[in-house]
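Shown next, in structure tokens, is the structure this report addresses.
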Amino acid sequence: MTRLAQTAGLNDIQREILATVRDFVDKEIIPVATQLEHRDEYPTEIVEGLKELGLFGLMIPEEYGGLGESLLTYALCVEEIARGWMSVSGIINTHFIVAYMLKQHGTQEQKDTFLPRMALGEVRGAFSMSEPALGSDVSAISSKGVKHGDEYVLNGQKMWLTNGGTSTLVAVLARSDEGHPEGTAPHKSMTTFLVEKEPGFGEVRPGLTIPGKIDKMGYKGVDTTELIMDDLRIPANRVLGGTTGRGFYQMMDGVEVGRVNVAARGCGVAQRAFELGVSYAQQRHTFGKPIAQHQAIQFKLAEMATKVEAAHAMMVNAARKKDSGERNDLEAGMAKYLASEYCKEVVEDAFRIHGGYGFSKEYEIERLYREAPMLLIGEGTAEIQKMIIGRRLLEEYRFQG
């Protein structure tokens, strides 16, 4: 284990889980990540290995076959996985958010049906809020679910669906006017629908199409897609929690823990960038000595390490706050904002340390340089995080004049 980003107060089980994950990352992910990423190839063998480790059920309660671990344990595992290859942590994250939403908000029948198979990785989750025209404005969602007897008919187009092709269960946010008359606040007329499907692309069930993968600058390997619903019929018992109108709150609860996950990914990528930078600086010689002995490089390494440490501390704090049962949107927003910004900066500094070689696809830092920007927008942009942080601060520090 490195000296940076250590976490105090872990129990023996947590330390054993993290040691196992780190060993897996070092042996099974880092040696092949860049090669798979350049081919935009889904990491099937890596995912199977994570299933064997039980990571798909890490936070699912033991009664459903999971490990019943905390958000902190999960976030620290994500940090380790992202250190190896951020795309793999994305595969886990969307699955985890759907499992979390089921655990927190699902009916007993929904929990019994899905959670045991999700713990084994047999059912793989994805969730879908965004649409082509709305960006961060969730209130502008136009996808709609209309009740017909014992079914809902869904129509609309969703965007930026991680695991769109490989997932078999998608939590989809859509409008449902049933019981919510015209004029109802937009966030009170949204419902989360649990949509089961076959893995793959094209028409994966009647009325549901998953087009091919979106070609991205980075974050490759994991499949990012659109989702098109054209008179998609699903049973009424697949409304998450059994009641319409609660979808916005359910999704925001899931995104809140997802922001801790994104912060953890930023920490992991930044750690790997620092490792690459500090290693290269001791091997590369200029003017008769390793560049690590030049004061300018030492200053850069000092700044990078401080940012890694600070981001990790904020991520751990946000996870522990959620685990305590307290509201953590302030802490999660701060952690996501800081970790993603610092990740970008640490990666760029490592890139600069590599000089011209950082621009070569033969070096791992080139991949990290393309991956880091995704964290600036995933689970809410920096601007959205600052809006959340600002509003919460005004609640906490309300003027009493």
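Any value given below was found using the heavy atoms of this structure, including those in side chains, with hydrogens, waters and symmetry copies removed.
- Checking side-chain atoms of Lys336 against main-chain N and O of Gly258 turns up no donor-acceptor pair under 3.5 Å.
- Around the NZ atom of Lys144, the shell of radius 6.0 Å holds no more than 12 heavy atoms that belong to other residues, nucleotides or ligands.
- Summarising the geometry of Leu161 relative to Ser128, their closest heavy-atom pair is CD1-CB, 3.6 Å, with the distance given to 0.1 Å.
- Side-chain contact check for Leu232 versus Val153: every heavy-atom pair is 4.5 Å or farther apart.
- For Arg327 and Glu256, the salt-bridge test fails: no basic side-chain N is under 4.0 Å from an acidic carboxylate O.
- Counting heavy atoms from C-beta on, the side chains of Arg124 and Ile91 come closer than 4.5 Å.
- Side-chain atoms of Gln271 do not come within 3.5 Å of backbone N or O of Val308 as any donor-acceptor pair.
- Electrostatic pairing of Glu79 and Arg83 does not count as a salt bridge here, judged by no charged N lying under 4.0 Å from a carboxylate O.
- Gly165 and Thr225 make their closest contact through N-CG2, 4.0 Å (heavy atoms, listed as atom of the first residue, atom of the second, distance).
- Between the Asp323 side chain and the Leu72 main chain, a donor and an acceptor come within less than 3.5 Å of each other.
- Closest heavy-atom contact between Leu76 and Val316: CD2-CG2, 4.2 Å.
- Salt bridge annotation for Lys386-Glu383: absent, with no cationic side-chain nitrogen under 4.0 angstrom from a carboxylate oxygen.
- Checking side-chain atoms of Gln282 against main-chain N and O of Val278 turns up a donor-acceptor pair under 3.5 Å.
- Electrostatic pairing of Glu303 and Lys307 does not count as a salt bridge here, judged by no charged N lying under 4.0 Å from a carboxylate O.
- Counting heavy-atom neighbours within 6.0 Å of Glu63 CD, excluding the residue itself, gives a total above 12.
- Taking a cutoff of 4.0 Å between a charged side-chain nitrogen and a carboxylate oxygen, Arg367 and Glu364 qualify as a salt bridge.
- Within a 6.0 Å radius of CZ in Arg15, more than 12 heavy atoms belonging to other residues, nucleotides or ligands are found.
- When only modelled atom types and interatomic distance are considered, Gln283 and Ser279 share a side-chain donor-acceptor pair under 3.5 Å.
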Audit row: Leu58, Phe96, side chain to side chain contact (heavy atoms under 4.5 Å, CB included) steps and yes/no
CA-CA 9 Å; Leu58 191 61; Phe96 152 71; over 6 Å; no
Before you tell me yes or no, could you show the steps for Ile92 and Tyr74 under side chain to side chain contact (heavy atoms under 4.5 Å, CB included), namely the whole-Å CA-CA distance, both residues' side-chain angles and the distance that decides it to 0.1 Å?
CA-CA 10 Å; Ile92 296 284; Tyr74 178 79; 2.9 Å; yes
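- The shortest non-hydrogen separation linking Ala350 to Ile365 is CB-CD1, 3.6 Å.
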Any chance you could lay out the side chain to side chain contact (heavy atoms under 4.5 Å, CB included) test for Thr20 and Phe24, step after step, and finish with the verdict?
CA-CA 6 Å; Thr20 300; Phe24 181 85; 5.7 Å; no
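- At distances below 3.5 Å, at least one donor-acceptor pair connects side-chain atoms of Gln298 with backbone N or O atoms of Ala292.
- Of all non-hydrogen atoms in Ile234 and Leu194, the two that sit nearest each other are CD1-O, 4.2 Å.
- Taking the side chain as every heavy atom from C-beta outward, Ile141 and Lys158 approach each other to under 4.5 Å.
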Using the salt bridge (charged side-chain N to carboxylate O under 4.0 Å, His left out) rule, take Glu379 and Arg259 through it: C-alpha gap first, then chi angles, then the decisive distance, then the call.
CA-CA 6 Å; Glu379 251 73 336; Arg259 284 177 179 143; over 6 Å; no
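- Within 6.0 Å of CD on Gln295 lie no more than 12 heavy atoms contributed by other residues, nucleotides or ligands.
- Of the possible donor and acceptor atoms, one in the side chain of Arg205 sits under 3.5 Å from a partner among the backbone N and O of Arg233.
- No more than 12 heavy-atom neighbours from other residues, nucleotides or ligands sit within 6.0 angstrom of CD1 on Ile13.
- Tested against Phe351, the residues Tyr369, Tyr363, Tyr280 include a single ring pair (Phe, Tyr, Trp, His ring centres under 6.0 Å) partner, Tyr369.
- There is no side-chain donor-acceptor pair under 3.5 Å between His95 and Ser167.
- Between Arg320 and Thr7 the shortest side-chain heavy-atom distance falls below 4.5 Å.
- No more than 12 heavy atoms of other residues, nucleotides or ligands shown are found within 6.0 angstrom of CG on Asp150.
- Remark: the backbone N or O of Gly164 is paired with a side-chain donor or acceptor of Lys197 at under 3.5 angstrom.
- Side chain of Thr113 to backbone of Glu109: a donor-acceptor contact under 3.5 angstrom is found.
- A pairwise comparison of heavy atoms in Phe359 and Glu366 identifies O-CG, 4.3 Å as the closest pair.
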Starting from the C-alpha separation in whole Å, work towards a yes-or-no answer on side chain to side chain contact (heavy atoms under 4.5 Å, CB included) for Val347 and Arg370.
CA-CA 10 Å; Val347 168; Arg370 288 183 290 102; over 6 Å; no
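- More than 12 heavy atoms of other residues, nucleotides or ligands lie within 6.0 Å of NZ in Lys216, so this atom counts as buried by the packing criterion.
- Contact check on Glu275 versus Arg272 returns a salt bridge, with a Lys/Arg side-chain nitrogen under 4.0 Å from an Asp/Glu carboxylate oxygen.
- With 3.5 Å as the limit, one finds a donor-acceptor pair spanning the side chains of Ser143 and Glu131.
- Thr191 places a side-chain N or O within donor-acceptor distance of the main-chain N or O of Gly245, the cut-off being under 3.5 Å.
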Check step by step if salt bridge (charged side-chain N to carboxylate O under 4.0 Å, His left out) holds for Arg352 and Glu348.
CA-CA 6 Å; Arg352 290 172 182 268; Glu348 182 170 338; 2.8 Å; yes
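- Residues Tyr219 and Glu371 form no side-chain contact, since every pair of their non-hydrogen atoms from C-beta on lies 4.5 Å or further apart.
- Within 6.0 Å of CZ in Arg39 there are more than 12 heavy atoms belonging to other residues, nucleotides or ligands.
- Panel note: side chain Arg175, backbone Ser189; no donor-acceptor pair is recorded below 3.5 Å.
- The side-chain heavy atoms of Lys51 and Glu122, taken from C-beta on, include no pair separated by under 4.5 Å.
- Applying the side-chain contact (heavy atoms from CB on, under 4.5 Å) test between Pro199 and each of Val204, Thr168, Thr166 identifies Thr168 as the sole match.
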